[in-house]
Amino acid sequence: MGSMMAFPAPAPPSARATVLVIDDQPLNIQTVYSMLSQQYEVLMATSGEAGIALCLAQQPDIVLLDLVMPEVDGMQVAARLKQDPRTAATPLIFITASTDAQEESACWQAGAVDFVSKPLNPLTLRHRVQVHLTLRRQADALQRLAYLDGLTGIPNRRYFDQQADTALALARRSGEPLTLMLGDVDFFKRYNDLYGHQAGDACLTQVAAALQAGLRRPGDFVARYGGEEFALLLPGLAQADALRLAQHLCQQVRALQLPHAAGTAAGVVSLSLGVACGDGHASVADLLARADAQLYLAKGAGRDRACLDAVAP
Ligand SMILES: Nc1nc2c(ncn2[C@@H]2O[C@H](COP(=O)(O)OP(=O)(O)OP(=O)(O)O)[C@@H](O)[C@H]2O)c(=O)[nH]1
């Protein structure tokens, strides 16, 4: 889903950051290269179009962008990078020979985090790049802390709540259905009692990974909703497909083959799932309540299964 947040993996402390320089004058690029290449990996593009393509392909940590270029100029490059969720968060610094106040304002409006003036002062350039790289890393780390579950690494409940609202808004616009599932690891209290809390934590991490691996479509979303509870959002699925997918997810968890001597008859860790299908006119609270009711039924019917709240198509 286009609205999903991107969480770049934290760079190892020793990793060199990558700087993309977009400038139509090879000589200018050479100048920037000589100022930065000792500290950073420097990628180069000599046109706006090539710069955008390189930015998408290589995901640099920061972009230095010449304002005046033929065909696609710096402003257009900035606008396109900011529009694309894959590059929207990449910091942009304009390199400009202009001292025009209007042009300066336009740089900020285009989403630049900073600009440096020609002729370049090497110390200023290096300092500005370093400051914005540090700010970006800190912002990424904060976003990960705020939206990802510390144990399993998948999205947390806060992220789910936000994503559910977005998914419903998209479903309203597209007229497509939206499925919400609630999953709960079976007899998990007994698992903790039998194997210890640490093993319980490892089990939850593996179940989270299995659920994530079981999802295939770009808008599919899974979060840790609470202790041993998971919540999923699946746009665009017909009811029968939603049930099939839920059964597949139960199978994925069984396939982990994590022994659970006090679990269901299968003798391995299993999951119960409640499934509710709606459209953009449903509310998150309604879908959650319906999925929860089905989860209760799945538990009552013997666990290790999915139950669907079928509505007339
Ligand atoms: N190891 C570990 N256990 C957790 C975590 N969060 C919740 N739990 C445990 O999950 C257990 C949930 O137990 P219950 O809600 O009684 O449900 P259950 O044993 O799974 O039984 P059913 O849901 O009826 O199949 C509790 O014992 C919690 O302590 C966690 O982060 N790590």
Side-chain angles (χ1 to χ4, degrees), residues 5 7 9-10 141-164 179-215 221-234 242-243 245-277 284-309:
M5 277 179 246
F7 290 102
L142 278 178
Q143 206 173 41
R144 271 194 298 275
L145 276 176
Y147 287 102
L148 298 185
D149 173 52
L151 175 66
T152 61
I154 68 171
N156 60 17
R157 185 173 184 153
R158 175 187 291 133
Y159 193 176
F160 176 86
D161 289 342
Q162 194 172 311
Q163 195 64 22
T179 299
L180 190 153
M181 299 185 191
L182 279 179
D184 185 289
V185 181
D186 295 323
F187 294 124
F188 196 60
K189 183 180 180 321
R190 293 186 195 171
Y191 189 91
N192 272 328
D193 292 346
L194 201 56
Y195 301 101
H197 207 267
Q198 262 187 324
D201 283 358
C203 169
L204 290 177
T205 305
Q206 290 200 58
V207 170
L211 292 177
Q212 205 156 43
L215 302 183
F221 184 86
V222 56
R224 183 171 178 211
Y225 198 65
E228 82 299 13
E229 265 198 316
F230 296 89
L232 299 95
L233 291 166
L234 306 128
L243 184 59
L245 176 62
Q247 286 161 345
H248 169 70
L249 293 172
C250 291
Q251 165 57 27
Q252 293 280 102
V253 172
R254 268 196 308 276
L256 291 170
Q257 293 282 316
L258 299 172
H260 189 348
T264 58
V268 293
V269 166
S270 61
L271 185 79
S272 295
L273 271 174
V275 184
C277 296
V284 178
D286 173 50
L287 285 173
L288 276 170
R290 285 169 49 207
D292 198 35
Q294 294 302 314
L295 175 59
Y296 183 78
L297 290 179
K299 291 281 183 187
R303 298 175 172 79
D304 189 16
R305 72 196 59 218
C307 284
L308 169 76
D309 177 7

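Ligands are counted one by one from 1 in listed order, and the atoms in each one are counted from 1 as well. These figures come from a predicted structure and were not determined experimentally. Only this structure's heavy atoms are used, side chains among them; waters, hydrogens and symmetry mates stay out.
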Check: Going by distance alone, is a donor N or O of one side chain under 3.5 Å from an acceptor N or O of the other, for Ser272 and Asp184?
Finding: no
Checklist line | Within-4.5 Å side-chain heavy-atom neighbours: Leu273 and Gln247 | finding: no
Check: What residues form a side-chain contact (heavy atoms from CB on, under 4.5 Å) with Ala199, not counting sequence neighbours?
Finding: Tyr191, Tyr195
Notebook entry, point to check: Is there a donor-acceptor pair closer than 3.5 Å between any side-chain N or O of Arg303 and the backbone N or O of Ser270?
Noted result: no
Item checked: Close residues, ligand 1: non-hydrogen atom nearer than 4.0 Å -> Asp184, Val185, Asp186, Phe187, Phe188, Lys189, Asn192, His197, Gly200, Asp201, Leu204, Arg224, Gly227, Glu228, Lys299, Arg303
Next item on the list: Report yes or no: does Asp309 contribute a side-chain atom to a donor-acceptor pair with the main-chain N or O of Cys277 at less than 3.5 Å?
Entry: no
Notebook entry, point to check: So, Arg224 side chain and Gly227 main chain: donor-acceptor pair closer than 3.5 Å or not?
Noted result: yes
